[in-house]
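For reference, positions follow the sequence shown, starting with 1. Computed over heavy atoms, backbone and side chain alike; hydrogens, waters and symmetry mates excluded. Treat the numbers as computed from the prediction; the structure is a model and nothing was measured.
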Amino acid sequence: MDANQLAAELLTDDPSRRREAADRLALIGEEAKPATCALVEACADDDLRDLCVGALEELGPPPATALPRLAELLTSESLDVAYWAATLLGRARANAAPYVADLQRVANDAATPEVVRDRAAWALRKIG
């Protein structure tokens with residue numbers, strides 16, 4: 001099963017399929033890039049968070065096709081989802097320049113948890 005198929009599995013309603021997909025994505029390193037947004041979204045699931053974070057830590061910069069969705073995820077109610085969306089936008093550096101305003105809104109919003117505001121500020125510095 002490739003990363004796109006695993007991403008689809010990660011977002012199913014079946015907990016065992018979701019866990020299997022997260023486990024496999026955590027093992028394939030940068031080959032998991034097509035599943036970037038699914039991994040970020042799955043961070044909201046307490047049962048999958050550690051596996052998804054492990055996979056995200058190995059990804060490096062996200063694919064350009066993921067950037068619009070990552071910008072949308074900045075305002076997720078899940079702290080982990082918003083944190084990882086900001087992290088990956090920062091890793092994208094200059095490629096994430098179109099999303100600077102989104103990051104600025106998050107970084108300056110007092111209602112946003114501090115850890116997410118700090119990560120958005122970090123991403124802004126990386127983008128330059």
Residue pair [X] / [Y]: nearest heavy atoms and the distance that separates them:
{"X": "Cys43", "Y": "Val53", "value": "SG-CG2, 4.1 Å"}
{"X": "Ala42", "Y": "Leu48", "value": "O-CB, 3.9 Å"}
{"X": "Tyr99", "Y": "Ala71", "value": "CD2-CB, 3.4 Å"}
{"X": "Val81", "Y": "Val40", "value": "CG2-O, 3.2 Å"}

(message) By the salt bridge (Lys or Arg N to Asp or Glu O under 4.0 Å) test, which pairs, at least two apart or in different chains, include something from residues 96-106?
(response)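 Pairs touching residues 96-106 that pass the test: Asp102-Arg105.
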(request) Name all pairs fulfilling the salt bridge (Lys or Arg N to Asp or Glu O under 4.0 Å) condition that reach into residues 45-65, sequence neighbours left out, sorted by first residue then second. (result)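 Every salt bridge (Lys or Arg N to Asp or Glu O under 4.0 Å) pair that includes a residue of residues 45-65, provided the two are not neighbours, is Arg18-Asp45, Asp46-Arg49, Arg49-Asp80.
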(request) Applying salt bridge (Lys or Arg N to Asp or Glu O under 4.0 Å), name anything that partners Glu30, two or more places apart in sequence or on another chain. (result)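 Glu30 satisfies salt bridge (Lys or Arg N to Asp or Glu O under 4.0 Å) with Lys33 once adjacent residues are dropped.
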Residues which pass side chain to side chain donor-acceptor pair (under 3.5 Å) with [X], listed by chain and number, not counting sequence neighbours:
{"X": "Arg91", "answer": "none"}
{"X": "Arg93", "answer": "none"}
{"X": "Asp13", "answer": "none"}

Side-chain polar contacts of residues 61-70 - donor-acceptor pairs under 3.5 angstrom, sequence neighbours left out - could you list them?
residue	atom	partner	partner atom	Å
Arg69	NE	Glu41	OE2	3.4
Arg69	NH1	Glu72	OE1	2.7
Arg69	NH2	Glu41	OE1	3.3

(message) Test of understanding: with side chain to side chain contact (heavy atoms under 4.5 Å, CB included), list the residues that count as partners of Ala32, not counting sequence neighbours.
(response)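 Ala32 satisfies side chain to side chain contact (heavy atoms under 4.5 Å, CB included) with Leu25, Ile28, Leu39, Leu59 only.
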Measure the [atom1]-[atom2] distance between [X] and [Y] for me, rounded to the nearest 0.5 Å.
{"X": "Gln104", "Y": "Leu124", "atom1": "CD", "atom2": "CG", "result": "5.5 Å"}
{"X": "Leu89", "Y": "Lys126", "atom1": "CG", "atom2": "NZ", "result": "14.0 Å"}
{"X": "Leu74", "Y": "Trp84", "atom1": "CG", "atom2": "CH2", "result": "14.0 Å"}
{"X": "Arg24", "Y": "Leu10", "atom1": "CZ", "atom2": "CG", "result": "12.5 Å"}

(request) Test Thr12 against Asp14 for side chain to side chain donor-acceptor pair (under 3.5 Å), laying out the working first. (result) CA-CA 6 Å; Thr12 66; Asp14 182 335; 5.8 Å; no
(request) Show your working on side chain to side chain contact (heavy atoms under 4.5 Å, CB included) between Asn95 and Ile127 and close with a plain yes or no. (result) CA-CA 8 Å; Asn95 290 334; Ile127 294 168; over 6 Å; no
Using distance only, find each side-chain donor-acceptor pair of residues 110-121 under 3.5 Å and give its atom names and separation, not counting sequence neighbours.
residue	atom	partner	partner atom	Å
Thr112	OG1	Asp109	OD2	3.3
Arg117	NH1	Ala110	O	3.2
Arg117	NH1	Thr112	O	3.2
Arg119	NE	Tyr83	OH	3.2
Arg119	NE	Thr87	OG1	2.9
Arg119	NH2	Tyr83	OH	2.9

(request) Check the hydrophobic clustering (I, L, V, M, F, W, Y; side-chain heavy atoms under 4.5 Å; chains of links allowed) and say if Leu73 and Leu79 are grouped together. (result)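 Shared cluster, yes.
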